[in-house]
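Contents: one structure, followed by commentary.
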2 protein chains.
Amino acid sequence: MTDEPTRRRPTLDEVAEHAGVSRTAASRVLNNAPNVSHGKREAVLRAIKELGFVPNPTARALATQQAGAVALIIAGEDPAVLADPFYGQVIAGASTVLEETDLHLMLCLATSTRGQIRVKQLLQTRAVDGVMLMSLRGDDPLSRLALEAGVPAVFGGKPLHGEVPFYVDVDNVRGAREATEHLASLGRTRIAAITGPLDTDVGLARRRGYHEALTLAGVPFRAEEGGDFTERSGMAAMEALLARHPDLDAVFAANDNMAAGALRVLHRAGRTIPTDVAVVGFDGLTASEIAEPPLTTVHQPIRDLGREMTRMLLALIAGEKPSPLILPTTLVRRESA
Amino acid sequence: MTDEPTRRRPTLDEVAEHAGVSRTAASRVLNNAPNVSHGKREAVLRAIKELGFVPNPTARALATQQAGAVALIIAGEDPAVLADPFYGQVIAGASTVLEETDLHLMLCLATSTRGQIRVKQLLQTRAVDGVMLMSLRGDDPLSRLALEAGVPAVFGGKPLHGEVPFYVDVDNVRGAREATEHLASLGRTRIAAITGPLDTDVGLARRRGYHEALTLAGVPFRAEEGGDFTERSGMAAMEALLARHPDLDAVFAANDNMAAGALRVLHRAGRTIPTDVAVVGFDGLTASEIAEPPLTTVHQPIRDLGREMTRMLLALIAGEKPSPLILPTTLVRRESA
DNA sequence: CGGAGGACTGGAAGCGCTTCCAGTTCGGAA
DNA sequence: TTCCGAACTGGAAGCGCTTCCAGTCCTCCG
């Protein structure tokens with residue numbers, strides 16, 4: 001602390017010398033390994049303190065062949081995906097788990113060609129001890145790459161194609177089904193849907209839930225329009241739906257952003273929510289609370305998603321063989337339905 | 001590629017041997033340094049390709065004394081801060097810049113004691129080549145720590161106390177002033193404010209802007225209530241303001257979330273927006289578009305913030321001496337004012 | 001009192017890459 | 001033909017830490 005600022009940081013060798021022991025012994029106390037006498041241990045500890053020694057993580061990484069970090073890889077078309085507060089929650093969840101370990105979190109956006117290449121390198125060079133992959137679309141080559149690289153990998157949401165051994169997902173089908181059933185139980189019979197991208201598992205799963213509920217309820221009406229999880233696409237979809245089915249009386253949107261967009265379009269069209277048209281979304285983010293009226297939505301435990309993905313990854317790194325995990329959703333009833 | 005999967009990755013030594021050159025030469029072509037004859041260079045390149053060699057970043061880091069990563073450190077009281085899409089934008093901005101370099105992005109939440117300790121270690125061990133710090137509150141020790149650690153550091157928003165040499169900020173005072181002036185220009189004379197946390201520079205700066213505008217406009221009325229940038233706090237503040245000043249005719253909220261909360265409270269209280277009460281927010285996030293009615297807001301270039309912070313950090317790492325940067329805001333007029 | 005066995009100890013060999021520096025080559029100017 | 005410097009070359013010394021392994025020391029049992 002009181003040293004001249006530019007002074008080279010002390011090395012373990014210096015600590016050992018200062019303590020009058022071998023470098024080996026010093027290393028042992030650093031990793032509190034056995035086979036160090038109490039006396040030497042004390043001496044080393046003292047030397048460490050006196051010298052203000054801090055082990056060099058890079059050197060340690062080289063020697064132990066462990067990077068000391070895991071990566072969260074977010075795929076997608078556009079760095080703008082991060083505008084979705086969804087990821088913030090995932091990151092927060094992951095962080096709280098990692099905090100308890102000595103691993104750091106690396107964040108990689110595989111949204112551009114350049115980004116993809118870098119992720120590939122990351123995997124190949126084993127610059128991280130494990131990866132979590134999210135938002136893979138279609139048959140993104142990333143999933144195969146990750147699997148082939150032999151790096152522990154867990155997926156957030158199943159990729160559309162190919163089986164992956166380790167993933168944690170949300171029960172999208174069930175959530176969507178419950179949402180739609182709720183609408184049906186309200187007496188609605190002309191329930192439309194604004195789906196998510198159909199080249200993702202989430203998109204398809206939520207649509208499936210919508211279909212299942214309709215079938216179960218014996219409702220013949222069916223109307224859907226695709227969106228890409230943005231508010232804007234929700235507006236467009238709602239407009240299209242309204243044009244085709246002016247008499248619809250409910251809408252299930254595959255996420256809150258799109259539901260919010262739908263709400264605006266419905267307002268403009270003079271429909272009263274929920275009297276004329278009931279709306280339910282999916283996510284349970286702040287957006288659903290801010291919406292007017294507050295949105296009934298399928299809440300998914302995003303924070304838990306991040307947390308569980310990380311736990312699973314840690315287990316994997318520790319050599320265990322965790323099982324895939326499906327997180328439950330809960331319907332949050334507010335005013336829009 | 002066709003190798004048995006578990007095969008140890010080739011090292012530079014093996015490449016050199018395969019190519020019939022010294023390790024030194026191989027290293028040179030790897031870093032395309034001069035002093036390698038064309039022939040040998042070709043040979044090495046071929047060997048690299050044939051062996052599928054990928055340099056080990058850890059070893060390189062140890063040898064070059066460069067970590068190959070920078071950290072984005074987010075302070076705050078709670079990992080929940082990440083629920084704010086704000087950070088997603090910053091991250092996206094930072095990522096696009098880092099993508100062009102060979103640096104990775106490390107994300108650290110210094111929201112818990114444990115987190116703080118880890119950040120401290122990160123700084124002391126020089127596990128990263130530079131750091132970007134955001135959302136420091138009050139006199140967070142982090143800023144001093146970062147400065148003392150001698151690691152290149154740029155701040156996102158000035159810390160409240162202490163001078164920091166390198167930062168990029170948004171022109172909060174001006175933005176708030178323009179927002180308030182806009183309200184005044186609408187003929188409003190009883191303009192209240194919902195401020196951000198007053199132990200942050202943003203919070204204070206935006207409040208100052210509000211005050212300045214009022215003074216300039218010669219409006220005597222003054223009423224403010226504090227919030228913490230969450231929607232909930234915005235609601236509470238609005239309720240308090242309404243109770244104290246039932247006759248207010250405009251509200252400036254220090255961010256969109258709080259403005260959205262205010263909107264809801266105003267609705268419930270039966271006020272029409274903007275006829276009875278005009279509202280303007282700050283941020284320009286999706287929330288402002290979703291709100292009902294769409295929120296007039298001070299748009300700040302968050303993505304640019306992330307981008308510029310990163311550029312500044314890169315300059316710093318490169319040994320340059322960049323100047324602080326203040327980004328402009330723009331008033332986006334929508335229906336709420 | 002001899003030994004077996006457990007608890008320590010530290011020298012030395014890495015981990016995979018960069019880079020200094022002493023030397024070698026070689027074309028072309030003198 | 002001789003000599004000089006520019007262009008190469010590669011041995012070797014690190015970067016800072018972990019860990020194998022050959023020993024040394026002690027204690028306690030028979």
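By convention in this document, chain letters (A, B, ...) are assigned in the order of the sequence lines, proteins followed by strands, and residues within each chain are numbered from 1. The shown structure was predicted, so the numbers you read here are calculated from the model rather than taken from an experiment.
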Please figure out whether Ser37(B) or Phe53(A) has its closest DNA chain D nucleotide nearer the 5' end.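 Result: Ser37(B).
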
Starting at the 5' end of DNA chain D and moving along, which residue's nearest nucleotide shows up first, Ala25(A) or Thr58(A)?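 Mapping each residue to its closest nucleotide by heavy atoms, the 5'-most match is Thr58(A).
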
Rounded to the nearest Å, what distance is computed from the [atom1] atom of residue [X] to the [atom2] atom of nucleotide [N]?
{"X": "Arg126(A)", "N": "dC15(C)", "atom1": "CZ", "atom2": "C1'", "answer": "15 Å"}
{"X": "Ile48(B)", "N": "dC17(C)", "atom1": "CD1", "atom2": "P", "answer": "10 Å"}
{"X": "Glu17(B)", "N": "dG16(C)", "atom1": "CD", "atom2": "C1'", "answer": "15 Å"}
{"X": "Arg41(A)", "N": "dG10(C)", "atom1": "CZ", "atom2": "P", "answer": "14 Å"}
{"X": "Gln66(A)", "N": "dC17(D)", "atom1": "CD", "atom2": "P", "answer": "16 Å"}
{"X": "Leu62(A)", "N": "dG14(D)", "atom1": "CG", "atom2": "P", "answer": "17 Å"}
{"X": "Gln124(B)", "N": "dG16(D)", "atom1": "CD", "atom2": "P", "answer": "17 Å"}
{"X": "Asn32(B)", "N": "dT19(C)", "atom1": "CG", "atom2": "P", "answer": "13 Å"}

Using a heavy-atom cut-off of under 4.0 Å over every strand shown, decide if Pro34(A) touches base, sugar-phosphate, or nothing.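 The answer is nothing, as Pro34(A) stays clear of every strand by at least 4.0 Å.
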
Across the strands shown, which category fits Asn35(B) at heavy-atom distances under 4.0 angstrom: base, sugar-phosphate, nothing?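 Base, at least one base atom sits under 4.0 Å.
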
With respect to the phosphate group of [N], does any side-chain polar atom (N or O) of [X] fall under 4.0 Å of OP1 or OP2?
{"X": "Asn31(B)", "N": "dT18(C)", "result": "yes"}
{"X": "Ser22(B)", "N": "dG10(D)", "result": "yes"}
{"X": "Ser27(B)", "N": "dT18(C)", "result": "yes"}

Using modelled atom types only, decide if a donor and an acceptor are shared between the side chain of [X] and the backbone of [Y] within a distance under 3.5 Å.
{"X": "Arg118(A)", "Y": "Glu100(B)", "value": "no"}
{"X": "Arg126(A)", "Y": "Gly150(A)", "value": "yes"}
{"X": "Asp129(A)", "Y": "Gly68(A)", "value": "yes"}

Minimum-distance nucleotide (side-chain atoms of [X] versus [options]):
{"X": "Arg28(B)", "options": "dC21(C), dG16(C), dT9(C)", "result": "dC21(C)"}
{"X": "Thr24(B)", "options": "dT19(D), dC15(D), dG10(D)", "result": "dG10(D)"}
{"X": "Thr64(B)", "options": "dT18(C), dC17(D), dA7(D)", "result": "dT18(C)"}
{"X": "Gln65(A)", "options": "dC17(C), dC17(D), dC15(C)", "result": "dC15(C)"}
{"X": "Ala59(A)", "options": "dG16(D), dC8(D), dG14(D)", "result": "dG16(D)"}

Working to the nearest 0.5 angstrom, can you tell me the gap between Ile117(A) CD1 and Glu99(B) CD?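 The distance works out to 9.5 Å.
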
Closer than 4.0 angstrom, basic N to acidic O: yes or no for Arg137(B) and Asp140(B)?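 No, this pair does not count.
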
Side-chain donor or acceptor of Arg23(B) under 3.5 Å from a matching atom on the base of dT18(C)?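 Yes, the side chain and the base share a sub-3.5 Å donor-acceptor pair.
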
At less than 3.5 Å, do the side-chain atoms of Arg9(B) and the base atoms of dG16(C) form a donor-acceptor pair?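 Under the 3.5 Å cut-off, the side chain and the base do not form any donor-acceptor pair.
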
Dump the intermediate steps for side chain to side chain contact (heavy atoms under 4.5 Å, CB included) on Phe155(B) and Leu147(B), then the final yes or no. CA-CA 11 Å; Phe155(B) 292 78; Leu147(B) 261 21; 3.9 Å; yes

